[in-house]
Amino acid sequence: MKFFLDTANVEQIKRINDLGLCDGVTTNPSLIKKEGRDFKEVVTEIASFVKGPISAEVTSYDYENMVKEAREIATWADNIVVKIPMTEAGLKAIKALSKEGIKTNCTLIFSLCQGLMAAKAGATYISPFLGRIDDMGEDGVELIYNLRTVLDNYGLESQIIAASIRTNKHVEESALAGADIATIPGNLFEKMWTHPLTNAGIESFKKDWQQFINRNK
Ligand code: E4P
């Protein structure tokens, strides 16, 4: 499973990219707002050092402007993927853009029907929002399992991005369910490589080694 970073924070992306663990980046208007920087400036800066796909989202919601905006965003760098919301206009835009060879990420997917329709429209990526589904008292991971089954049943080529990830368990369960990618908030990575027993183990090895050295002085 690939790891994307779900943030527009350049420092967080650099830290994980330096570990060789950043396969791509996803942003959205809320994440851009959080950084308080110009949309194009921040996306092109990320694209200057991340080799994998970088999703940048349209902010228009009618078909004509969505396509116009998507065409412009797609010129910002070679690895840009345009994020399009899951609406009737969005489906039409995905169809048109995929015919032009522009890569798309259909975002805000909350049901199997939505995922299936986005895949049939030709979306390069489809993004089911696990955390927000869980917030409604439903099972986000179940949607990943079901999407995996349906895409495989019909040979549909869209890649599944497990999005709205909030916990290590979301990452683990998305991998078990067959998501192609998990897009992970920058501050979650540290929790993924940390375990209290690892820290306790290091402390006890350090202590024993010091005692051994002191004894043999
Ligand atoms: C996906 O691409 C979105 O940017 C993101 O995962 C949304 O997550 P949230 O529900 O934590 O806002």
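Numbering of ligands and ligand atoms starts at 1, following listing order. Nothing fancy with the numbering, it's 1 onward along the sequence.
Close contacts between ligand 1 and R166 involve ligand atoms 10 (O), 11 (O) [criterion: under 4.0 Å to a heavy atom]. Taking a cut-off of under 4.0 Å to the non-hydrogen atoms of T26, the atoms of ligand 1 that pass are 2 (O).
Counting only heavy atoms of the protein, atom 7 (C) of ligand 1 lies nearest to F129 CE2, 3.5 Å. Counting only heavy atoms of the protein, atom 12 (O) of ligand 1 lies nearest to R132 NH2, 2.7 Å. Closest to atom 1 (C) of ligand 1, if we only count protein heavy atoms, is K83 NZ, 3.4 Å. Remark: minimum distance from atom 8 (O) of ligand 1 to any protein heavy atom is reached at S164 CA, 3.4 Å.
For ligand 1, none of its N or O atoms has an N or O atom of T27 under 3.5 Å away. The shortest N or O to N or O distance between N28 and ligand 1 is under 3.5 Å.
The parts of A163 lying near ligand 1 are both backbone and side chain, judged by heavy-atom distances below 4.0 Å.
A search for salt bridge (charged side-chain N to carboxylate O under 4.0 Å, His left out) contacts involving K207 returns nothing, not counting sequence neighbours.
Between K2 and D180 there is no side-chain heavy-atom pair separated by less than 4.5 Å.
Residue contact check for ligand 1: D6 places a non-hydrogen atom closer than 4.0 Å to it.
Side-chain contacts under 4.5 Å among hydrophobic residues (ILVMFWY), followed directly or transitively, place F4 together with V81, Y125, I161, I181.
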Pair I109-F129, side chain to side chain contact (heavy atoms under 4.5 Å, CB included): steps then yes or no: CA-CA 6 Å; I109 288 183; F129 274 41; 5.9 Å; no
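Taking a cutoff of 4.0 Å between a charged side-chain nitrogen and a carboxylate oxygen, R15 and E190 qualify as a salt bridge.
In summary, of the residues considered (T107, T26, N28, N105), a side-chain hydrogen bond (donor to acceptor under 3.5 Å, both in side chains) with S127 occurs for N105 alone.
Donor-acceptor pairing under 3.5 Å is lacking for the side chains of N187 and Q12.
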